[in-house]
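The structure under discussion appears below in the form of structure tokens.
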2 protein chains.
Amino acid sequence: MRSETRARVEKVARELNYRPNLAARSLASARTSYLGAIVGDVTNPLQAQIARFAAIEAEAQGYPTIVSLDADTDEKAEHALESLLAHRVAGVILIESPYEKPAIAKIAQRIPSVYIGRLLKIVDIDSVTTDHVAGATSVVDHLVAQGCRRILHVGGGASPGAERMRQGYRAAMERHGLNDEISIIEAAYTVDSGAQAGREIFDGVRPVPEAIFVCNDLAAIGVINVAARRGIPVPDRVRVVGYDDVMLAGTETLSLSTVNQPAHELARKGVSAIVHRLKHPETPVSKQLVAPELIVRRSSTSPLS
Amino acid sequence: MRSETRARVEKVARELNYRPNLAARSLASARTSYLGAIVGDVTNPLQAQIARFAAIEAEAQGYPTIVSLDADTDEKAEHALESLLAHRVAGVILIESPYEKPAIAKIAQRIPSVYIGRLLKIVDIDSVTTDHVAGATSVVDHLVAQGCRRILHVGGGASPGAERMRQGYRAAMERHGLNDEISIIEAAYTVDSGAQAGREIFDGVRPVPEAIFVCNDLAAIGVINVAARRGIPVPDRVRVVGYDDVMLAGTETLSLSTVNQPAHELARKGVSAIVHRLKHPETPVSKQLVAPELIVRRSSTSPLS
DNA sequence: CTGAAAGCGCTTACAG
DNA sequence: CTGAAAGCGCTTACAG
């Protein structure tokens with residue numbers, strides 16, 4: 001075809017709003033260049049951000065992404081996968097879903113996959129997650145630098161990541177010679193659960209600690225609310241550090257010190273992992289840890305008097 | 001084919017994890033039975049919920065949905081639409097994106113569409129949104145029933161829905177004979193903006209109002225935070241009502257009275273509208289208003305002394 | 001009712 | 001380099 005003819009064709013195509021039919025293309029070429037993503041709970045701010053960044057990043061790397069938002073149980077996640085497979089996606093990005101390891105493994109052996117949000121040492125799948133040991137360590141180091149010794153940890157119980165956070169807390173405390181000050185109260189990743197822990201802390205027989213490192217921001221808000229009601233000033237009397245860096249944490253009136261989970265980087269690394277695997281299927285499985293960043297705000301920055 | 005043969009085929013198909021190729025089906029039948037959804041900001045809890053419910057509801061009605069998460073500008077929304085059109089979706093669900101009316105109209109005239117989150121009287125498109133006049137009315141009625149007269153409104157400025165909320169507030173105040181008590185401070189849908197309004201209210205020369213109706217929960221949290229710092233007890237000294245019913249609002253330590261925007265119903269009505277239009281293309285354009293529900297919690301329920 | 005054939009809109013390998 | 005032909009995996013209309 002002469003280039004002049006080509007130009008005319010392209011012009012008309014544009015005028016008619018022509019878009020190549022992806023179905024025909026996919027059928028003819030026997031492959032697709034889009035990905036699927038399964039999100040456990042878009043209502044969770046971190047997951048929503050990861051999903052959004054992943055979609056943007058994948059698109060930028062030439063893989064538009066079909067997102068499935070209804071996967072808050074493992075059954076639904078499997079159903080979502082079936083639908084994505086029917087669309088013949090090239091691979092899938094799993095964002096905190098499914099939950100059980102066998103369900104994850106089952107998906108991983110059917111289609112190239114990457115899991116964002118858990119380490120998954122045992123399952124044979126690429127994974128990317130935040131280094132919670134490093135996160136907890138940075139919090140303890142910061143609080144010690146503020147002069148604190150009695151640093152209590154409100155742990156996340158059996159929630160994903162909580163165990164590694166506890167490990168980091170304990171190791172850092174020991175490194176600072178604070179073995180005797182190690183103290184953990186278990187909670188969950190919610191405001192009410194944090195408030196419950198707060199009541200244990202402030203209404204108990206033990207003296208109020210100098211600082212509290214809480215497993216996530218919502219629970220930290222619960223702790224702070226209880227402190228406020230008891231007339232215990234934060235940070236003057238007790239310093240509080242959260243985890244996640246949700247939107248509310250940075251607001252002027254709360255000003256909560258916290259550990260930022262880098263949603264953008266998690267998404268970017270996850271997408272890169274799967275894109276790389278699609279291009280080089282024999283790549284060994286990778287387990288990536290992303291370093292979180294300590295965000296110091298007012299809630300943890302009052303010198304000890 | 002004998003039914004016995006059919007049964008054997010189906011059995012083998014299941015064993016081989018056979019999934020019909022949607023691309024081939026779409027190509028052969030010249031139509032698709034899935035929808036597209038464009039979400040402005042999944043990071044917003046209400047939008048995330050609407051998106052999730054819409055995906056669930058559409059799937060239930062036989063239209064699996066491809067969600068596009070990267071549409072926080074009108075240009076990106078248009079780009080997302082192009083991608084959805086390439087997938088030959090049957091219709092699209094617009095969730096607070098795009099923003100400008102011409103951009104919305106442009107999409108509506110290319111493909112069956114429904115807009116969730118704005119009334120859009122002028123644009124020729126099905127729409128579903130919360131009835132903010134009714135929401136504001138229910139708040140004022142509730143506060144008046146609590147014995148309040150000096151009810152201040154922190155408005156949402158030029159944000160979507162804010163004008164109708166102001167209308168509802170004014171009309172309800174007038175109906176209660178409280179014309180002289182009408183007082184509005186403009187803010188935006190954020191905690192910091194609410195805190196700014198809170199400083200105007202509590203540090204100003206005017207007496208603190210008996211109640212404050214804030215345009216959204218985040219801004220209400222800002223107002224309450226400032227009150228707490230000034231030692232002004234909520235609800236004993238001032239009653240506060242928010243809007244949206246975000247997750248944090250119901251937590252025990254905040255217990256914020258608010259107006260629930262029914263994400264589920266918005267999603268369901270939106271999906272029904274587009275599914276109906278796909279089956280009956282000549283249906284007249286519908287503009288649906290969904291009634292919100294007042295949620296009374298502690299922040300607004302202290303009798304006047 | 002059953003089964004073989006045509007065709008959807010592309011890509012790809014191949015003949016010219 | 002260019003262009004015609006075959007074929008991707010389904011659905012549909014049609015002949016038997």
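Within every chain, numbering begins at 1; the chains are lettered A, B, ... in the order of the sequence lines, protein sequences first and strands thereafter.
Among residues two or more places apart in sequence or in another chain, the side-chain contact (heavy atoms from CB on, under 4.5 Å) test is passed with B:Arg118 by B:Tyr99, B:Lys101, B:Ile104, B:Tyr115, B:Leu120, B:Pro160. Applying the side-chain contact (heavy atoms from CB on, under 4.5 Å) test to A:Thr65 and every residue at least two apart in sequence or in another chain returns A:Leu35, A:Ala37, A:Ala58, A:Val67.
With a 4.5 Å cut-off on side-chain heavy atoms, A:Glu265 and A:Phe53 do not count as touching.
Between A:Glu82 and A:Arg110 a salt bridge is recorded (basic side-chain N to carboxylate O distance below 4.0 Å).
Among residues at least two apart or in separate chains, there is no salt bridge (charged side-chain N to carboxylate O under 4.0 Å, His left out) pair with a member in residues 23-49 of chain B.
Pairs of Watson-Crick or G-U wobble type, with distances under 3.5 Å, assemble into runs of 3 or more in DNA chain C at these ranges: C:1-3 with D:14-16, C:5-12 with D:5-12, C:14-16 with D:1-3.
In this structure, A:Lys287 places its NZ atom where more than 12 heavy-atom neighbours from other residues, nucleotides or ligands lie under 6.0 Å away.
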So if I define the base as every atom that isn't primed, P, OP1 or OP2, how would nucleotides 6-13 of chain C read as a B/S/- string at a heavy-atom cutoff under 4.0 Å? -BBBBSS-

Could you pull out all donor-acceptor pairs under 3.5 Å where a side-chain atom in residues 121-133 of chain A meets a protein atom, sequence neighbours excluded?
unit_1	atom_1	unit_2	atom_2	d
A:Asp126	OD1	A:Arg277	NH2	3.1
A:Asp126	OD1	A:Ser286	N	2.8
A:Asp126	OD1	A:Ser286	OG	3.4
A:Asp126	OD2	A:Arg277	NE	2.7
A:Asp126	OD2	A:Arg277	NH2	3.2
A:Ser127	OG	A:Leu119	O	2.7
A:Thr129	OG1	A:Gly117	O	3.4
A:Thr130	OG1	A:Gln261	OE1	2.6
A:Asp131	OD1	A:Val133	N	3.2
A:Asp131	OD1	A:Ala134	N	3.1
A:His132	ND1	A:Tyr243	OH	2.9

